[in-house]
Every structure is written in C-alpha cells, then in structure tokens.
Amino acid sequence: MSKELKMPTKYQPQEVEAGRYEKWLEKDLFKPSGDKTKEAYSVVIPPPNVTGKLHLGHAWDTTLQDIIIRQKRMQGFDTLWLPGMDHAGIATQAKVEAKLAEEGISRYDLGREKFNETVWEWKEEYAAVIREQWAKVGISVDYGRERFTLDEGLSEAVRKVFVAMYNKDLIYRGEYIINWDPKAKTALSDIEVIHKDVEGAFYHMTYPLADGSGSVEIATTRPETMLGDTAVAVHPEDERYQHLIGKKIILPLMDIEIPIIADEYVEMDFGTGVVKITPAHDPNDFAVGNRHNLPRTNVMNPDGTMNDLTGKYTGMDRFEARKAVIKDLETQGRLVKIEKMVHSVGHSERTGVIVEPRLSTQWFVKMEPLAKEAIDLQKTEDKVNFVPERFENTYLSWMENVHDWVISRQLWWGHRIPAWFHKQTGELYVGMQAPRDSENWEQDPDVLDTWFSSALWPFSTMGWPDEDSEDFKRYFPNNTLVTGYDIIFFWVSRMIFQSLEFTGKKPFNDVLIHGLIRDEEGRKMSKSLGNGIDPMEVVDKYGADALRWFLSNGSAPGQDVRFSYDKMDASWNFINKIWNASRFALMNMEDFTVEQIDLTGNKTIADRWILTKLNKTIEKVTDLFERFEFGEANRHLYHFIWDDFCDWYIEMSKEILFNEDEEAKQTTRSVLAYVLDQTLRLLHPVMPFVTEEIWENIPHIGESLVVAEYPVVRPELSDEEATEGMDVLMELIRSVRNIRSEVNTPLSKPVELLIKTNDVKIESFLKNNTSYIERFCNPENLTISSMVRAPETAMSAVITGAEIYLPLAGLINIDEEIVRLEKELAKWSGEVKRVKGKLSNAKFVDNAPVAVVEAEKVKEKEYLEKQTLVLERIEILKTQI
RNA sequence: GGUUCCAUAGCUCAGUUGGGAGAGCACUACCUCGACAAGGUAGGGGUCGCUGGUUCGAGCCCAGUUGGGACCACCA
C-alpha cells in the first residue's frame, strides 16, 4: 500500500454524510445559476403538508426530483428547484384540534384568532422538522425561494383568482347537497370522500296510504333520514303502482302527509320499486325534489345530531337515532325485515368519520368550461406529457366526468374567502379587500379548500400575479412535475386547468408519476397497521445514498414498490463496492494530480476497452435519464462499475501497477483516475454524498460535484477492436476457470508458459492456482487441450498465435472433463441447429431485416466455431485415457 | 358497470419501439490472492398464468380467459 488513506475499509455513511449538506448550503450551490445564456430548467416541489413528518413516499418523490435537477444542473442548465409547504387546511386543523383536545380545550374556547396563532406555532415547528428531513435526504432545493401556501404572496394570488373567477361566473354560491364531515363540521369535495365497503343493513318498512287503502313497502340503508322525507316516488311506467301516483302517504313517526310522485329516477327492478325521497339528505333525492318542487327538510345539525324538527329524536346522534327509529317502527309494526348487506359508504379522508350528504350553502367552482380547456389541451401538440402515458387516460376520464368543485370549508385555518355580506341588506360583495365601509359588512367566515391554493403553486410561487416577475418569466412553465398517482385528481388536474385559465399556459411539460411505497408484505403503509417505516431511521442505518439508490432503482415508472431491508443491504453493498474500488485507485495513485492525467499514452487493451465501455455507459444513461428511466439507468451503472470496472479493469490494472515501469503506471493511473472521475459524476445525481466525498479525495478540479460537468461521450476514446480483443481474453480466462471449478481441481502455472499476449497478462486471474502448482503439476506429463480460438483480427490485437493450449495432465479427472465438455457440446449443437433452421427458412431470410439476418449468420459462424473447438478438446482428451 | 395495472427463477422484481430469457437476494461447490469475505470464481434453478390469433419470428402486439390489486361511477 503506497498511500495513507483517510478512507476506512468499510463504507460508513454516517461519517460520509455528516456535515456535507451544510457545506453545499454554505457554498450556495443549489441556487439557480441565473445564467441567461443557458436554458432554464425548473421544478416545484409538491409541497408537503405541515401536519407532521415526511414518510417514505415523500423520500421517493423528492429523490426522483433531486436526481432530475442534479443531472440538469451538471449538464449546465440554469436549474431552479423551488421548495415549499402546504398549510393543509383540514388536516392541520384536525391535528391541532386533537392536540388541544388532549388539554381539554376546543377551538371555540380560543376563538378564531387565537386558534390560528396556535396553528402557526405548530406550522413553524413542523416546517423545521421537514427541512431537517430534506437535508438528511440531500435534496438540492433553493431555500432562498421557499414558499408557504398561506404566505402573503400566495394569499394574494388566491384572492385574485377567486375574485376573477367569481366575476367570470366560474365561481358561484348556492344551496346544494354536499358531502358533510360531521366531526370537522365542514363541507368536503367529492374526492375528499373515501368509499369503503362496510357491513350495513337494508331496512324494509311500510308507509301507510293516507286513504287507509293499504301501505307500500320501502327499503333504505339510512332509516334516520326518513324523518326528512318529503315524498315517496315510483317509476312513471311501473304498472304495479300506477294507481298510487298522486295519492298521499303518511310518513310514520312524523305523522305528516307526503305525496306519492312519479319520477324516472326510480329503478323498477331495484328493491320494491318504491323510493323514499329526502331532498335535504341525498343528492339524487335533491334532484328529484327540484323536479317536483318538494320541500327540503334538513333534519340534522352540523355535528351529525338530529335537529329540532325531529321531535323526540332531537339531539340524538344520527346512529343513535337510526336505532331508535327502527325500534319505534318495529313497535308500530312497520318494520318488515332487516336485510344484512355490504355496501359502500363514504368516509372523510381526514377525520375518517362517515360522511353525511347534507343540504348546505357553499361556494362552488363551475368545472365544465375549465375542464373543457384542459381536455382540449391534450388534443394539441403542446399537451402535458404524462410519464407513463397511461396516466393521461386516468386524468382525462376524470376531467370528462368531473362535477362542480365545492371550495368552501367551514374551518378557520386557511385562506378566508374574500366575500362580504352587508349586515343590514345581506348584499354580497366579492373583492380583493373588504368594502370601504367595512364596519357594515361581515366577511364570509369560511376558508377555501387547501387544493384551491395548491392549484396555483407552479405560478404563484414564481411571483404571479406579477407577470413581469423575473422568476415567472424565466421559470414558468415548469419543466417537470413529479408526484404519485394518488394525487392526480387532487392536484395535477387542478394545476392544469387553473394554469390554463390564468396564465394561458400549461403549468409544466412533463408529469412523472410514481406509485406508492408498500411494506415488505406488499401492504400499504398506514398508521392503523403500524407498518410505516420512518425514512430517517433508514437513513441513519444505511445512509441517504443507499436509500436514494434503492428508491430510484425500485421499479418501473408508475408501479408501486415494496420497501425491503434486503434491498437496502444490496444498496449498501454496491456503495461499499464503489468505496473500495476508489480506495484501490487512491492507493495506487501516489501523488498523482489531475494535470498528469494523460489518455494519449500507450494504453493497454484493457485501458482502451474500459474507456469504450465508459462511453457506452454515458450514452445509455443519458438517454435513459431523458426518459425518466432511472431504474434502467442504474442497472447500466451497476453493471459498468461492478462487472466491467471492478471485476475486470481493476484486476488487469494490477499487472501494470504492481509490475511495470513508471511510464506504464502513469497511463494506467490516468485511466483509473479518469474513469473513476467520470463514474462519480454519473452517479452523483443518485448518490450525491458518497460521490462528493470520494471525488474530493481523488485528483479533481472544481468546487464540488454538484456543479461539475456531467459526462459526455468522447468518441475519440472508443475502440471497437479493443472490445473484440477483450472478449477473447475474457473468454479465455473464463474457460480456464471453468475447468477448474467443474472438476474441482485447480489449474497450474504452465498456463502462462503457453499463452502469450501483447500487453496483458492474465496470471492474476488464475493466480489462485499457484499454490497448487507444486503439488499437482508434473511438467513431464502434460496434456494439451485447445481452449479458445479467436477470430484472426482479434487475435492479432491480443494474442500471439492462433490457439491457446492448456496443459491439463495430472490436474484433472479426464473422464469428468469429457462429460462436462459433452454437455457443452450438446448446448452448442443445439444452438447451431436452431440458427441453421432459421437461416434455411426462406420466409425468414426474405422478411426479416437485413441486419437481423446478418446477425444470425454471424451467430452461426460463432456457434460452429465453438462446436468445433469443444469437439476438438474432447478428441484430444480421449487420446489421453 | 367503466378504466387500469399485475401474473417471468425459491423470494422481490427488471426486460426500452417483436429477433438468442435477466438482476438482486436465497441456494450449491471452491477460494483469507496487497480495494472490498457485507468479497471473489464457477454453478443449479424458469413450458414468461392459460387459450387462440397476427407474424418468417411473440415474454413483448391483438382477442378471449383465470387469479390478484388499484381507481372511477353506482348502490333509494
């Protein structure tokens, strides 16, 4: 070992990563270069909710973005990656309320202002945690531009958008059935409702006709809502019930008369064909009610208890009331049967409680014109490019069937709706600021759906509504958005239509969609299962680089991935391999400097070969990055580093570094240093910490890998002849090893007596055997066996003499070796037969592309050659028996 | 009901416009040789869910089918 190394023999991520991120920040390397001569490349982070810590999904999401941004930065783009967080209205408010509840306090005890102050404190606390986590994962965002959805500029953008949409009739206020969360006591949009199959029941009951001529049977899953029934409906063409249409019926328990109406909404084949109509508690019934001018009787309070229109049930919780209603119906003999059934019930995404369809006055966004614009965009050349493409269908089908969007929320934490009502006249005013005589006006108490502000994120963070802002002009539209398929509807779709509406442009060119991270058993990670894995624990154990490698390696785009400690081990192993290869290079560099790197010297075939392989790897990886195929790119890097560089090139370089003269060593050191440098650059976007650490130790010029140039193909370094020659050499070596392994007896020194190469010695590859030489090798009793016969061109480049012979006598069991060779012969014969069959098929020769046919001919020749060689060896061995 | 994904080695998964089935882990044998034993070398293991079709040629394209998952809609 010729050089003292600071690097330990094992890769220790904790030591490598400590302090590195802070150094990058100190040097301000993540800031856009602002170089106007370069193309801009921008990404905005999907702002995480300030509700808590980040999970593995966030780590995945940000890692992918960081890989993209780091590569683009190295490629010279003027890159902006803008960080930020989302106030996450309902989610955050629910968390803070839960925390307050532990202290026995409700938000009403504090009042709106005080409560919001508490939430701001919470926000600061969690924002700090999130920034710490970002740092640990190593993401290269520009903190100078960090934004928060509730900060001043973004709030202005929200108000501006609201007012403009209101003035364009894209926002309206009205009384409709919405999804109501009785726990959070707020309205929810359709997509905030999660439908789950639950065990419920179908309650069959009878309503008596007012004229006493009998009764009709009705079935419902929500009997408590019958207290708000204002009609009973049948299908207009239902022959069974023609005589009932227009009659009255008595609503049991309430003892009021309600009409029997005919409406095509009723399905004759379903249930009894008679439906109770509750316009205030069901969207379909609401529509029926409108057609027939039915009263809307709302029987519930905002918290899900029955209101004072329900008589004896007043104050009961809705589920308590359900039981009571059923019991009373049974007492009256009106309960026919209870049929158990599994049905789909809406639950609040945030609080988990069962959502109540409820009549309520809310603000809505009129979706039809916005959706149309967004759909039309996808028919143009300038469409948003979804990766993988199939998610465009998901997005479009949602857009095509979208309903109006409820945007008001009965919460305190969020953007207050810029609408005021006159205290006396009730007149409505919508504007950026309160009306002048503000004392006479009262602002709408509601806030906006969180997604209303996040929909503006790609441009509101860039200075919009100031369209002359530098960032907006330079970095909008964004280039790429990275997010999970689970929020295409919530976020991606809304960014697209709002961006089109307000900037006239799509918000981003590409959307890279990834899946979810599951646990090792393939289950979703969830709090209730307790199977969540904290990314920080993974980083502490394996390092951020290993986690990033795993995350970018995990799966094909758009597919879910299972977290796996086995794979984390494999990731660590790979980095350890890189680490040790680098140690080897450094040990043999003496005081080698970057100025001494000279690739024009007398290179060995191995030198020329690895430089060629490097070029191919650069080309492949660059291409795959363009298509966001990081997993495939990683596989190429892995193979290049482990198989080509470590297993072959480093081993061959030892012959030079340990034995040759100084001049030869300098050339090898140059290649080692160059290839390592280029490899570290290629790896840096994926594993920024360890690559930077190693790079600092090897000869290099530049401040940091973060801003070092990304490798490009250098055609002058490629050498196809060297590739052919190396193929021969490698095959030779493998053949020798193969014999040894098969018969479990090592080969011996005479190998080197018979193999002469121009510039590469292969002893080191067979070195294991030397200790056996004395014991097993009897030079007087040598068997000659031909091993490899290479094409003449390659031969002349590599090996003197047309054939390689290995002396095997006394070293192997000839019978066993013959058995093994006959197996091999069968394999080659099979291949020859297959290829010959193909080539003798006129249809193949006529139809297949010329290149394919030519390739088959080459294969034929190659297989025949192998077949002959193996046959020859068998013959020779047989003479020895 | 609609859309969609998955089914490839014991396990987890790749497979890039159709042209000789791959990786990691696990397993077997051997190897402490001046980067790495969390390593090296060699090896075993697959009728690519099933059935048809298109094609000279299908893991890949088409139709159907089985099983599993996801999403959307509906569910009085």
Side-chain angles (χ1 to χ4, degrees), chain A residues 1-2 5 7 9-11 190-191 195 202 218-222 225 232-233 265-267 270-278 282 284-285 288 341 343-345 388 390-391 393-394 397-398 401 485-486 488-489 515-516 520 522 553-556 558-562 564 566-567 569-574 576-588 620 623-624 627 629 631-632 635 638-639 646-647 650-651 654 658 733-734 737-742 744-746 764-765 767-771 831 834-835 838 841-849 851-853 855-856 859 863:
Chain A
M1 198 170 298
S2 45
L5 283 187
M7 298 170 72
T9 52
K10 284 197 195 321
Y11 161 59
D190 294 346
I191 49 180
H195 291 273
F202 212 23
I218 285 164
T220 179
T221 53
R222 295 191 296 153
T225 63
V232 161
Y265 156 68
V266 181
E267 277 180 52
F270 193 87
T272 58
V274 187
V275 183
K276 63 191 267 310
I277 300 296
T278 324
D282 182 280
N284 292 313
D285 292 8
V288 173
M341 68 182 291
H343 62 141
S344 174
V345 177
R390 66 185 138 91
F391 289 107
N393 292 336
T394 310
S397 62
W398 184 79
N401 299 304
Y485 59 68
D486 52 330
I488 292 176
F489 304 146
L516 304 176
E520 300 206 58
N553 218 6
S555 74
Q559 290 301 125
D560 289 354
V561 62
R562 290 189 195 201
S564 150
D566 279 350
K567 286 185 182 173
D569 285 336
S571 293
W572 185 94
N573 284 354
F574 178 49
N576 189 51
K577 191 74 180 176
I578 298 166
W579 183 261
N580 276 293
S582 306
R583 288 182 71 244
F584 171 81
L586 280 167
M587 284 173 188
N588 291 287
K620 202 72 203 171
D623 178 52
L624 287 164
R627 303 198 310 249
E629 297 265 6
E632 278 297 291
R635 268 181 278 283
Y638 184 94
H639 177 255
C646 293
D647 288 352
I650 287 185
E651 292 307 323
K654 288 175 180 172
F658 298 162
I733 290 162
R734 285 197 196 100
R737 287 169 173 169
N738 194 291
I739 292 172
R740 186 192 121 259
S741 142
E742 275 299 320
N744 196 13
T745 310
S764 61
F765 289 90
K767 201 186 253 175
N768 291 355
N769 312 308
T770 50
S771 59
E831 294 292 341
R834 193 181 57 76
V835 176
K838 223 171 172 180
N841 180 348
K843 286 181 178 170
F844 170 73
V845 179
D846 294 344
N847 293 319
V852 173
V853 177
E856 289 298 318
K859 285 179 202 163
Y863 296 154

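Side chains included, hydrogens not; waters and symmetry mates left out as well; all remaining heavy atoms used.
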Could you give me the CA-CA distance, side-chain angles and deciding distance for A/Leu516 and A/Tyr485, then say whether side-chain contact (heavy atoms from CB on, under 4.5 Å) is met? CA-CA 8 Å; A/Leu516 304 176; A/Tyr485 59 68; 3.5 Å; yes
What's [X] touching, base or sugar-phosphate or nothing? Going by heavy atoms closer than 4.0 Å.
X	answer
A/Tyr11	nothing
A/Glu520	nothing
A/Leu624	base

Of the options [options], whose atoms approach the side-chain atoms of [X] most closely?
X	options	answer
A/Phe844	B/C56, B/U12, B/G34	B/C56
A/Val266	B/C13, B/G39, B/A76	B/A76
A/Lys567	B/U12, B/C56, B/G24	B/U12
A/Asn573	B/C72, B/A38, B/C75	B/A38
A/Lys838	B/A35, B/G19, B/G15	B/G19
A/Asn580	B/A14, B/C56, B/C36	B/C36
A/Phe270	B/C5, B/C75, B/A14	B/C75
A/Arg627	B/U16, B/C56, B/G34	B/U16
A/Arg390	B/U4, B/C36, B/G19	B/U4
A/Thr220	B/C25, B/A76, B/U12	B/A76

In whole angstrom, what separates [X]'s [atom1] from [N]'s [atom2]?
X	N	atom1	atom2	value
A/Asn576	B/A37	CG	P	8 Å
A/Asp560	B/G69	CG	C1'	9 Å
A/Arg834	B/G57	CZ	P	15 Å
A/Asp846	B/G57	CG	C1'	14 Å
A/Ile218	B/C75	CD1	C1'	17 Å
A/Asn553	B/G24	CG	C1'	9 Å
A/Asn847	B/G19	CG	P	16 Å

[N] pairs with, by Watson-Crick or G-U criteria that keep both distances under 3.5 Å:
N	answer
B/U55	none
B/U4	B/G69
B/A23	B/U12
B/G39	B/C31
B/A76	none
B/G45	none

Do the ring planes of A/Phe489 and A/Trp398 sit parallel (below 30°), tilted (30 to 60°) or perpendicular (above 60°)? parallel
Side-chain H-bond candidate by donor/acceptor type, A/Arg583 with A/Asn580, under 3.5 Å: yes
Using the [atom1] atoms only, state how far [M] lies from [N], rounded to an integer number of Å.
N	M	atom1	answer
B/G39	B/C25	C1'	16 Å
B/G10	B/G45	P	11 Å
B/U4	B/U51	P	25 Å
B/G67	B/C27	C1'	29 Å
B/U28	B/A9	C1'	15 Å
B/A73	B/U3	P	15 Å
B/C50	B/A7	C1'	11 Å
B/U55	B/C62	P	16 Å

I'd like to know if A/Gln559 reaches the base of B/A14 with its side chain such that a donor and an acceptor end up less than 3.5 angstrom apart.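 No pair found.
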B/C75 base / A/Ser344 side chain donor-acceptor hit below 3.5 Å: yes
Distance below 4.0 Å between [X] side-chain N/O and [N] OP1 or OP2:
X	N	answer
A/Asn284	B/C75	yes
A/Arg222	B/A76	no
A/Lys859	B/G19	no

Return the minimal non-hydrogen interatomic distance between A/Asp623 and A/Arg627, and the atom names on each side. OD2-NH1, 3.0 Å
Using a 6.0 Å distance limit plus a 45 degree cone around the ring axis, check whether A/Lys577 lies over the aromatic ring of A/Tyr638. no
Check against side-chain contact (heavy atoms from CB on, under 4.5 Å), A/Thr225 and A/Lys276: CA-CA 9 Å; A/Thr225 63; A/Lys276 63 191 267 310; 2.7 Å; yes
Please tell me which of A/Asn841 and A/Glu629 maps to the more 5' nucleotide of RNA chain B, matching each residue to the nucleotide holding its nearest heavy atom.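 The residue mapped nearer the 5' terminus is A/Glu629.
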Taking for A/Thr221 and for A/Ser397 the nucleotide of RNA chain B with the nearest heavy atom, the one nearer the 5' end belongs to A/Ser397
Classify the glycosidic conformation of B/G44 as syn or anti, calling it syn when the angle lies within 90° of 0.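 Anti, since the glycosidic angle lies more than 90° from 0.
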Quick one: are A/Met341 and A/Thr221 in side-chain contact, heavy atoms under 4.5 Å?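 Side chain of A/Met341 against side chain of A/Thr221, heavy atoms only: contact under 4.5 Å found.
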Using the test side-chain contact (heavy atoms from CB on, under 4.5 Å), find all partners of A/Asp285 that sit at least two apart in sequence or belong to another chain. A/Tyr265, A/Ile277, A/Thr278, A/Asp282
